[in-house]
Chemist: 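To start, I am sharing the structure in question, which I have written as structure tokens.
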Amino acid sequence: MKRLSIFVSGNGTNLQRIAEYFSDNNNVEIANVVCNNPKAYSIERAKNLGIPLQMITKAEFNSEDFVNEMQSLNIDLIVLAGFLWKIPENLIKAFPNKIVNIHPALLPKYGGKGFYGEHVHEAVVAAKEAHSGITVHYVNEIYDSGEIILQAHVALEAGETPDSLAAKIHKLEQTYFPVAIEYVLKTQQ
Ligand code: GAR
């Protein structure tokens, strides 16, 4: 049995999709959802999905206790699904190649601090890029710069707005993020 921990900060559409994707897979279970935002709709989703939910403050998140807790849960893969805090070094060291993130653009462009959610789509549309997409990557000490696992592309059309692009990116995320997670689980030692 592979055990996932899903970290969230917002709406949780990726959390929902991942949970549904693996719901009939006896080899994968979501051990918990870790959330840093008391206003996140992800909280409702975790409750409705019946997944244990852990709310965290920044101090808790950056503590050694948190790393110990995650280790005691025997987590095989930490999935950042719209989680907006930087991951502390002690957690990265404790879970080498066991933390993946989804980013709503084609890294290395439009990545790094400040590039999240709609800010990414605004920047891509303002730059009149021909394409955008999603990147699933391992997490290392530098924001959005770990090894890339999967990218999927989509074309920008005439009159594209940040909102219309966000909808396209959302579809890509729903299609490809669970598949990328499944691939990582199958290939990890
Ligand atoms: C997703 O679009 C994800 O790619 C993005 O936040 C959104 C979360 O949506 N992540 C980042 O921008 C990370 N830098 P969700 O809460 O509905 O899954």
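Small disclaimer: the values here were computed from a predicted structure and weren't measured. Read the numbers this way: they start at 1 and go in the same order the structure lists the ligands and their atoms.
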Chemist: Before accepting this row, confirm whether a basic side-chain N of the pair Lys109/Glu129 lies closer than 4.0 Å to the acidic partner's carboxylate O.
Modeler: yes
Chemist: Counting distance only, does the side-chain N/O of Gln174 pair as donor-acceptor with the main-chain N or O of Lys171 below 3.5 Å?
Modeler: no
Chemist: With no hydrogens and no angle check, just 3.5 Å: does a side-chain donor-acceptor pair link Asn37 and Ser9?
Modeler: no
Chemist: Taking distance alone, with no angle check, do Ser42 and ligand 1 share an N/O pair under 3.5 Å?
Modeler: no
Chemist: Side chains of Asn97 and Gln188: is there a donor and an acceptor less than 3.5 Å apart?
Modeler: no
Chemist: Does an N or O anywhere in Asp144 fall below 3.5 Å from an N or O of ligand 1?
Modeler: no
Chemist: So, regarding Tyr116 and ligand 1 (criterion: nitrogen or oxygen to nitrogen or oxygen, under 3.5 Å), is there a contact or not?
Modeler: no
Chemist: Tell me whether His103 contacts the main-chain N or O of Tyr110 through its side chain, where contact means a donor paired with an acceptor under 3.5 Å.
Modeler: yes
Chemist: Is Glu173 touching ligand 1 with its side chain, its backbone, both, or neither, if touching means heavy atoms under 4.0 Å apart?
Modeler: side chain
Chemist: Check whether any heavy atom of Val8 sits under 4.0 Å from an atom of ligand 1.
Modeler: no
Chemist: What residue and atom, counting heavy atoms only, is the protein's closest point to atom 13 (C) of ligand 1, and at what distance?
Modeler: Ile102 O, 3.8 Å
Chemist: Decide yes or no on side chain to side chain donor-acceptor pair (under 3.5 Å) for Glu182 and Tyr21, but give the supporting numbers first.
Modeler: CA-CA 10 Å; Glu182 194 170 35; Tyr21 184 85; 2.5 Å; yes
Chemist: Is there any N or O on Gly12 that sits under 3.5 Å from an N or O of ligand 1?
Modeler: yes
Chemist: Could you tell me, atom by atom, which parts of ligand 1 come under 4.0 Å of a heavy atom of Gly82?
Modeler: 6 (O), 8 (C), 10 (N)
Chemist: Looking only at protein heavy atoms, which one is nearest to atom 17 (O) of ligand 1, and what is the separation?
Modeler: Thr13 OG1, 2.5 Å
Chemist: Sub-3.5 Å donor-acceptor pair from the side chain of Lys86 to the main-chain atoms of Glu141, do we have one?
Modeler: yes
Chemist: What residue and atom, counting heavy atoms only, is the protein's closest point to atom 14 (N) of ligand 1, and at what distance?
Modeler: His103 ND1, 3.4 Å
Chemist: Quick test of your reading of the model: are Arg17 and Glu173 salt-bridged, counting only N-O distances below 4.0 Å?
Modeler: no
Chemist: Could you check whether any heavy atom of Phe115 sits closer than 4.0 Å to an atom of ligand 1, since that is the contact criterion I want to use?
Modeler: yes
Chemist: What protein heavy atom lies closest to atom 12 (O) of ligand 1? Include the residue and the distance to one decimal.
Modeler: Gly117 N, 2.9 Å
Chemist: Might you point out which heavy atoms bring Tyr143 and Trp85 nearest each other, and give the distance in Å?
Modeler: OH-C, 4.1 Å
Chemist: Is there at least one pair of N or O atoms, one from Val120 and one from ligand 1, spaced under 3.5 Å apart?
Modeler: no
Chemist: To the nearest 0.1 Å, how far is atom 9 (O) of ligand 1 from its closest protein heavy atom, and which atom is that?
Modeler: Asn14 ND2, 3.9 Å
Chemist: Between Asp76 and Arg3, is there a donor-acceptor pair closer than 3.5 Å when you use the side chain of the first and the backbone of the second?
Modeler: yes
Chemist: Can you tell me the protein heavy atom closest to atom 11 (C) of ligand 1 and the distance?
Modeler: Pro104 CD, 3.6 Å
